[in-house]
Every structure is written in structure tokens, then in C-alpha cells.
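Single-structure report; data block below.
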Amino acid sequence: MLKVVLADDENKIILLLQKLIDWKQLGYEIVGTANDGLRALELVGQQQPHLLITDVQMPGCSGIELIRRARDLQPNLHFIIISGYRKFEYAQNALKYGVEDYLLKPLKQEELAGILLRLSDKLGEEAVLELRLKKSGERQQELLMDALQSAAKRQQPFLDAAQADAGYGFHFAEGTYFAALVKVDVSNAAQYQDSYQIMMQHALEIVRRELSSLAAVYAAAAQKEGIAVLLQLDEYRALEVKQCFTKIRKEIEKQRDMFWYIRCTICLGGRKTCLEQAGISMREALWLCRDRLCRAQSWLDAEGEQTSFDQRYCLETAQKKRLQVAAECLDEIRFEQELEESFLTLLSQPNLNGQMVEDWFYQVLEACLYGMRQSGQVKEHFSEKLTEKFWLCTDTRSVFSLLQQDVVQELRRLEDERSLRETRPITEAKRYIQQHYRESLRLEDVSSAVGFNATYFSTLFKKETGQNFMDYLTELRINKSKELLCGDQLSVQDVAEMVGYRDLKYFSRLFKKTTGVSPSDYKKLYK
């Protein structure tokens with residue numbers, strides 16, 4: 001749909017324009033109406049329409065001035081003006097600004113429809129091209145911000161202006177550079193990933209829209225840490241920067257249609273004099289973003305905050321070992337106890353910061369992964385997904401809850417998998433015994449058939465069946481002999497041999513011990 005804004009100081013003209021045409025049928029959508037020039041300009045900035053239909057004379061900002069300023073906001077915007085006969089000279093003047101056409105009052109349906117039809121093909125082609133260019137530009141921003149994040153994490157110099165131009169098409173110049181993170185925290189983001197991604201896309205659009213009025217050159221992209229931003233300003237004006245990012249924060253926090261709780265934190269890296277130092281600024285912004293886990297504030301600025309990169313956290317060796325053992329044993333109760341103790345130790349640290357919380361998170365995760373891998377195959381991408389979820393946490397307690405819930409869930413899955421692994425060979429062993437119980441069957445024969453060491457198999461068999469191998473085999477043979485003794489055709493000797501006993505005396509003694517009567521007496525009972 002092509003987006004249209006209608007502007008006229010008379011409400012009846014606005015209503016007439018809305019009702020005169022079936023806009024949807026022609027491929028248009030009215031995204032806003034205004035009764036003065038300033039409101040119309042605001043709508044152009046917010047809605048980014050393809051077409052503006054406006055009266056020549058407007059309060060607050062004349063039609064001619066509106067067209068000129070709207071074109072500055074959106075160079076590809078198209079215009080149709082509305083004019084009265086006596087004001088036709090104004091319409092002629094407006095044509096100098098590239099106005100597509102004009103409508104004379106009183107408005108006529110066929111004239112407006114004709115102009116819109118004539119424009120629709122042209123606007124449609126331009127909209128497709130504009131979308132492609134926009135997507136291409138957005139992709140370049142994403143690639144540039146990925147490179148900046150990489151430089152920040154590796155603590156290496158970023159690109160110089162010439163490299164940024166050649167590699168990404170950004171024409172950076174002399175001025176002030178700084179990075180920022182717009183971190184959007186929402187309730188239950190990990191549970192509602194689809195809604196969160198939609199909300200983040202809206203937030204990114206807000207960031208890009210507002211930054212375009214602040215800086216001539218900027219890049220912004222949504223990353224797992226938040227919306228990462230890089231700006232170059234000819235001159236850093238603290239008030240303008242504060243106003244811009246405050247507006248971004250407030251606009252994002254208004255989006256409560258999908259989440260009841262939204263908190264936006266602005267994390268500004270330090271100001272630098274060249275592009276190569278932008279990685280340092282991004283590293284500072286990332287540190288502040290982590291630190292919001294310990295201090296819930298809407299505005300964090302490296303220029304006024306102490307970023308303590310050297311203050312790290314190291315998990316105690318004994319605690320790490322206990323976590324490993326609990327995870328290896330797949331003991332969720334023990335794991336939760338060890339995790340709670342470790343978390344309390346973390347909270348007791350003086351001057352606790354977000355980087356220390358992250359250190360704790362990764363060391364606990366590493367210990368758990370090592371332990372779990374001793375007992376089975378950890379789910380693919382488990383570590384990567386947990387790392388992404390870390391950046392969805394809103395405070396230290398939610399980091400603890402993330403580890404508790406996801407690791408326990410994986411422990412249970414591995415336990416179920418181990419139980420299945422252990423049950424399967426016992427099922428196969430039972431099937432083998434059923435097929436070969438008539439033979440001289442030994443524990444070693446069965447364990448070899450299912451691919452296990454005899455000693456381990458014996459322990460596993462007892463655990464799963466509640467009986468040792470020989471008791472299970474004896475019970476099976478005696479039950480089979482009972483069925484055979486109920487018939488008239490077979491002698492006790494025949495039955496004994498058919499269930500795997502060559503020694504009649506041994507069979508009789510075993511049968512009586514199990515049933516309380518001899519095989520002969522049992523046969524008489526069922527004659």
C-alpha cells in the first residue's frame with residue numbers, strides 16, 4: 001500500500017477527501033490527517049508517506065513552506081496541492097518545487113481518481129526501488145555494527161574513515177564519534193520471542209528515525225545485546241543528544257500493546273575524536289549495558305560513570321567442582337542447592353557490577369556443561385541459546401533464574417535419555433532370554449548379545465527388573481514349565497528338558513522350592 005497524508009485547514013475538505021475515493025482499491029492507505037502545516041510536517045517525519053495532499057495556504061506553516069520542508073525531511077515524497085481559483089498563482093509557484101499535480105476546489109471525484117491512477121504506477125515503482133535501497137542500507141548498517149562489536153570485544157582499533165567508506169559505504173568525516181546501546185528490557189522476553197522480535201523491530205525503526213534528525217552519518221542495528229548505535233557528529237551538543245535519546249526511550253516505552261512491562265536504558269559510550277576509537281566507546285557502552293543488571297537506571301553515560309573493566313569475578317574452585325559433580329550426576333536438587341550457594345556468594349561481593357554477574361554466569365555455565373557432557377550429549381546450541389537469553393535478563397535475580405530453569409531442564413532431559421539408554425538393552429535382553437531360555441544360558445551370553453560388559457550388565461539388569469539375571473531366568477523357566485505340565489502329553493522329564501534343565505532332580509527341587517509342590521504333584525492337580 002502507498003501511504004498518504006492529507007492536510008487541509010478545513011475538516012470538511014479532509015472528510016471529503018477521505019470519502020471521495022476508495023483509497024484501498026487504488027492501492028493507497030491514508031496514514032494521517034492534519035489541519036495545520038506543523039502537524040503535517042510531524043506526520044511526514046513519523047509516517048514516511050509516499051504522497052502528501054495539501055492545501056496551498058495552511059496555518060502554522062504555509063503550503064509552499066510545508067512542501068519545501070517536507071521535501072527536506074523526505075526527498076522522495078510526492079505532492080498534490082489543493083487550490084481555489086483565486087489562489088491559482090500560489091499553485092503555479094508550488095509547481096516549481098516538483099509538485100505532481102493540483103486539484104481545484106470544489107473537489108471532483110473523477111479528477112482526483114485520475115491523478116491518483118496516473119501516479120500509482122510511478123509511485124509503485126519508486127516504492128519498490130526505495131524499499132530495495134532501504135534494505136541495502138540497513139544491511140550495510142548491520143554489517144558495520146557487527147564489525148564494531150567485534151572490534152570492541154577483541155579490544156582492537158576499529159576501521160578508519162577510508163576503510164568504512166570503501167567497505168561499507170559510510171562517508172565519515174572529522175568530528176566526534178561515540179557508540180551507544182539502546183537496551184530494551186521486557187517482561188518474559190525469552191518466553192515470547194516472536195512478540196519480542198516484532199517489538200524490537202519497531203524500536204529499531206524509532207531509533208533510526210530519531211537519529212536521522214540528530215546526525216548526518218549514523219548506523220544502527222538490532223543485536224542480541226540491544227540496538228547498537230554508532231554516530232558521528234560535527235560538534236557534540238550534550239543537550240541535543242540527551243533530547244534525542246530521551247525521545248527514543250519514551251517512544252519505545254509507549255509500546256505496551258505486546259508487553260505490560262517495558263524498560264528502556266540508554267547506554268552511551270565515551271566520546272572519541274576518530275573512528276578508530278569507536279570500538280573503545282562501544283566497549284564502554286556494553287559495560288554499562290551489563291551494569292544495568294545491578295543498577296536500574298534509564299540513562300548511563302560513560303563520561304560520568306566509572307567503567308571498571310578490571311573488576312572481575314572468579315568462581316571458587318571448590319564451588320566450581322561441586323557444580324560439575326552435581327551436573328555430572330544429573331542431580332537437579334543438588335545442583336539447585338549449589339547454584340543458590342554460589343549466587344549468594346556472588347551477591348556478597350563488594351561493588352558488584354554487571355560484568356561480574358556475566359563472569360559468574362559464564363563460569364557456572366562452563367562448569368555445568370563440563371559435568372553434563374560426562375553423562376550424555378548436551379542439546380545442540382544449548383550454550384549459544386543460553387548466552388542469547390542472558391541479554392534478555394533484566395536484573396541479577398533473573399540471571400540466576402535463567403541458569404536454574406534451563407540447566408535443570410537439560411538435566412532432566414539427559415536423565416530421561418540415560419534412562420532410555422539403560423532400559424533399551426534390558427528390553428533387548430529380555431527378548432533374547434525369551435528366545436533362548438531352553439538352552440544352557442549364561443549371564444555372559446546375554447550381556448554379549450546386547451553389547452555390554454557382564455558385570456555392568458548384571459548391575460543394570462538388577463536395577464531395571466528388581467531381580468538378578470539367574471532369578472529372572474529361573475522364574476521364566478518355571479512359569480513355562482507350569483504351562484506345559486497342565487497338558488497330558490508330556491512327562492515331567494520332557495518338560496524339564498523343554499525349559500532348559502537336563503538334570504531332572506535339579507529341576508524338581510527348583511520347581512518345589514518355587515511353587516511349594518513337586519512337578520508330579522502339580523501335574524496331578526491339573527489333570
Side-chain angles (χ1 to χ4, degrees), residues 144-159 175-185 207 211 215 218-233 236-239 241-242 244-246 248-249 263-315 346-363 387-388 390-399:
L144 183 72
M145 297 313 298
D146 286 343
L148 180 59
Q149 284 273 26
S150 179
K153 291 172 182 177
R154 295 198 311 268
Q155 300 181 42
Q156 294 179 345
F158 190 47
L159 310 169
T176 300
Y177 293 89
F178 69 96
L181 273 170
V182 178
K183 181 58 182 171
V184 186
D185 288 315
V207 169
L211 290 183
Y218 72 90
Q223 299 178 329
K224 70 176 183 293
E225 297 87 354
I227 298 174
V229 171
L230 173 63
L231 295 101
Q232 179 249 308
L233 301 175
Y236 187 86
R237 295 183 177 87
L239 181 59
V241 171
K242 181 86 171 181
C244 176
F245 279 96
T246 298
I248 286 171
R249 179 179 61 79
R263 185 187 76 201
C264 182
T265 306
I266 306 298
C267 307
L268 298 185
R271 269 54 96 195
K272 311 301 175 184
T273 57
C274 63
L275 185 60
E276 292 95 319
Q277 296 177 327
I280 300 173
S281 182
M282 177 53 77
R283 188 177 176 219
E284 292 167 342
L286 284 166
W287 192 95
L288 292 171
C289 188
R290 294 183 184 95
D291 202 42
R292 86 196 190 288
L293 295 170
C294 302
R295 297 182 299 142
Q297 296 184 30
S298 60
W299 184 269
L300 297 169
D301 189 342
E303 295 290 321
E305 303 279 347
Q306 182 180 0
T307 49
S308 306
F309 291 112
D310 296 330
Q311 191 177 357
R312 309 303 295 260
Y313 182 77
C314 185
L315 193 65
L346 170 73
L347 294 182
S348 68
Q349 300 302 303
N351 303 316
L352 181 66
N353 62 51
Q355 183 173 263
M356 295 169 68
V357 174
E358 185 185 44
D359 290 340
W360 174 80
F361 169 83
Y362 279 113
Q363 290 172 60
T387 299
E388 289 181 4
F390 169 82
W391 288 98
L392 300 178
C393 294
T394 57
D395 53 29
T396 53
R397 173 54 66 171
S398 61
V399 176

- Query: Leu293 and Phe390: side chain to side chain contact (heavy atoms under 4.5 Å, CB included), yes or no, with the steps?
  - Reply: CA-CA 11 Å; Leu293 295 170; Phe390 169 82; 3.9 Å; yes

CD (Gln149) and CG (Leu144) are apart, to the nearest 0.5 Å, by 11.0 Å

Value for CZ (Arg249) from NZ (Lys242), rounded to nearest 0.5 Å, stands at 8.0 Å

Test side-chain hydrogen bond (donor to acceptor under 3.5 Å, both in side chains), reference Arg292, set Thr394, Asp395, Thr265, Asp185, output is Asp185

**OP:** Give a yes or no answer on whether the side chain of Glu305 reaches the backbone of Glu284 with a donor-acceptor pair at less than 3.5 Å.
**Re:** no

* To do: Evaluate the criterion side chain to side chain contact (heavy atoms under 4.5 Å, CB included) for residue pair Val182 and Ile266; output intermediate values, then yes/no.
  => CA-CA 5 Å; Val182 178; Ile266 306 298; 4.0 Å; yes

>> Using a 3.5 Å distance criterion without hydrogens, assess whether the side chain of Ser281 forms a donor-acceptor pair with backbone atoms of Ala179.
In response: yes

Q | Gln223 side chain to Ala228 backbone, donor-acceptor under 3.5 Å | A | no

In short, Gln355 meets Gln311 closest at the heavy-atom pair NE2-O, 3.5 Å

Heavy-atom nearest pair, Gly226 first then Leu181, reads C-CD2, 4.2 Å

Interatomic distance, SG@Cys294 vs CG@Asn353, rounded to 0.5 Å, equals 6.0 Å

Check: Tyr177 ring centroid to Phe158 ring centroid under 6.0 Å: no

Closest heavy-atom pair, Gly269 versus Ala285, reported as atoms and distance to 0.1 Å, is N-CB, 3.9 Å

From CA spacing to verdict: side chain to side chain contact (heavy atoms under 4.5 Å, CB included), Trp287, Ser308:
CA-CA 8 Å; Trp287 192 95; Ser308 306; 4.1 Å; yes

Exercise. Please check if atom CD in Gln156 has more than 12 non-hydrogen atoms from other residues, nucleotides or ligands closer than 6.0 Å.
Key: yes

Between the CD atom in Gln363 and the CG atom in Asp359, the distance rounded to the nearest 0.5 Å is 6.0 Å

Test salt bridge (charged side-chain N to carboxylate O under 4.0 Å, His left out), reference Glu225, set Lys153, Arg290, Arg283, Lys183, output is Lys153

Indicate yes or no: at least one non-hydrogen side-chain atom of Ile248 is less than 4.5 angstrom from one of Ile227. no

The reported gap from CZ in Arg295 to CG in Leu352 (rounded to nearest 0.5 angstrom) is 11.0 Å

dist Gln349:CD -> Met356:CE (nearest 0.5 Å) comes out at 5.0 Å

Here the pair of heavy atoms bringing Trp299 nearest to Asp301 is NE1-CB, 3.8 Å

Exercise for the section: I would like to know whether Asp291 and Gln297 meet side chain to side chain contact (heavy atoms under 4.5 Å, CB included); could you show each step before the answer? Expected result: CA-CA 10 Å; Asp291 202 42; Gln297 296 184 30; over 6 Å; no

